[in-house]
Amino acid sequence: MSVIQLTKDNFKEKVLDNSNVSLVDFYADWCGPCKMMAPVVAEIAEENPQFTVCKINTDEQSALAEEYSIFSIPTLMIFKDGVVVDKHVGACSKADLLSKLNNA
Amino acid sequence: MERADIAIIGTGPAGVSAAITAKVRNKKTILFGSNNLSEKVSKAQEILNYPGLPSLSGTDFSMKLKGHMDDMGISAIEKKVSAVYPMGDYFGIQASDEMYEAKSVIIATGVIHGKPFSGEKEFLGKGVSYCATCDAALYKGKITAVIGYNEEAQQEAKFLTEFAKKVYYFPIGNKKLELDENIELITEFPKAISGNDKVECLITDKNKYEIDGVFILRDAVAPDQLVSGLDIADNHVEVNLMMETNIRGLFACGDIAGKPYQYVKAAGQGNVAALSAVSYLNEIK
């Protein structure tokens with residue numbers, strides 16, 4: 001599966017009401033470590049259909065960034081049953097992120 | 001940008017020594033720091049125990065290191081590193097507004113004196129940031145404070161004014177201050193950062209300021225904040241005799257790797273760290 005681009009309109013449907021574990025990558029186009037993280041997030045989406053993998057552009061979706069208190073990007077948030085169960089601020093390896101998802 | 005073999009952070013005797021050995025071993029190396037080298041070295045009164053260089057002043061030692069670097073064609077990228085991200089088979093290095101990549105990293109940033117502010121670690125990523133260039137855009141319309149330790153911090157504060165509604169500037173030991181007119185200078189000493197689940201207040205020795213975020217801009221970022229998951233003991237990065245840390249491909253040397261704080265020990269450890277990085281590069285080939 002590919003990475004789903006989220007907006008305030010589809011966030012509830014794709015993440016909060018989703019029975020899958022979801023990964024949300026808060027990013028912006030100007031952010032270096034976000035660019036480094038993008039292929040990792042895309043690979044996870046391709047290889048793990050059991051997870052819903054999404055991204056949110058914090059410049060365009062400032063209300064969501066505000067709601068989830070995003071102060072630094074990339075912020076990688078893991079949701080399960082509509083709540084945040086894990087969070088990582090900054091880029092990280094694919095193995096680390098997968099282990100967080102598998103433990104969710 | 002092409003991925004380097006070894007990235008070295010710090011231009012004191014440990015970092016310079018590591019850079020020299022890496023160059024001798026013909027590795028593609030990037031060095032972060034100052035081409036005038038560490039200020040701490042030039043300020044040293046007299047060095048008596050560096051073999052081959054008897055009774056040496058700090059300024060002379062600094063010039064000799066610089067001369068050695070010049071001879072070998074080594075120069076430093078003069079940017080402050082605010083984060084190192086272990087990505088598995090490589091490291092991402094955030095230096096001011098740019099990203100660099102390297103297969104291995106040597107941290108030689110020296111020991112950081114002074115304790116963190118109360119609340120600083122607790123609110124990191126929740127309104128405390130070490131890089132205005134990286135996070136400023138997330139503070140659109142917000143009230144922010146900068147605790148600035150150097151001239152570069154003044155530039156970062158200026159950048160922040162493009163986004164934040166308000167920027168307070170708290171200088172720490174600055175000699176020269178040239179602040180943008182949109183920045184409010186406050187010469188009080190910050191004591192603590194407080195809030196509930198995010199930063200709400202900066203408390204000084206005299207007042208309390210309501211803020212949404214605070215940027216603490218020191219000369220170097222503390223090692224456990226620089227690399228997430230790095231093992232620290234007693235304010236030093238934990239290393240073994242090969243200068244390996246708990247993160248594969250990441251090495252530390254010099255004062256940051258522990259006492260004694262001696263130039264000859266720092267230079268020796270820089271050499272070991274570079275050789276260990278070379279072995280690591282051979283292993284992962």
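None of these values were measured; they are calculated from a predicted model. Convention: sequence-line order gives letters A, B, ...; per-chain numbering from 1.
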### Summary
Among residues 11-22 of chain A, those lying within the under-4.5 Å heavy-atom range of chain B are none
## Note on the structure
Quick note, disulfide bond (SG atoms under 2.5 Å apart) partners involving residues 123-157 of chain B, not counting sequence neighbours, are B:Cys131-B:Cys134
### Summary
Given B:Gly92, B:Gly127, B:Gly229, B:Gly88, the one with more heavy-atom pairs under 4.5 angstrom with chain A than any other is B:Gly127
### Query
Does any heavy atom of chain B fall under 4.5 Å from the side chain of A:Ala91, the backbone, both, or neither of them?
both
### Message
At a 4.5 Å cut-off on heavy atoms, which part of B:Met87 comes close to chain A: side chain, backbone, both, or neither?
### Response
both
### Task
Return the set of residues passing disulfide bond (SG atoms under 2.5 Å apart) with A:Cys31 (not counting sequence neighbours), or none when no residue passes.
A:Cys34
## Note on the structure
d(B:Leu138 CG, A:Phe26 CZ) to nearest 0.5 Å is 11.0 Å
Check chain A against chain B and list any donor-acceptor pairs under 3.5 Å.
residue, atom, partner, partner atom, Å
A:Glu66, OE1, B:Lys142, NZ, 2.9
A:Glu66, OE2, B:Lys142, NZ, 2.9
A:Ser72, OG, B:Asp135, OD1, 3.2
A:Ser72, OG, B:Asp135, OD2, 3.4
A:Ser93, N, B:Pro86, O, 3.4

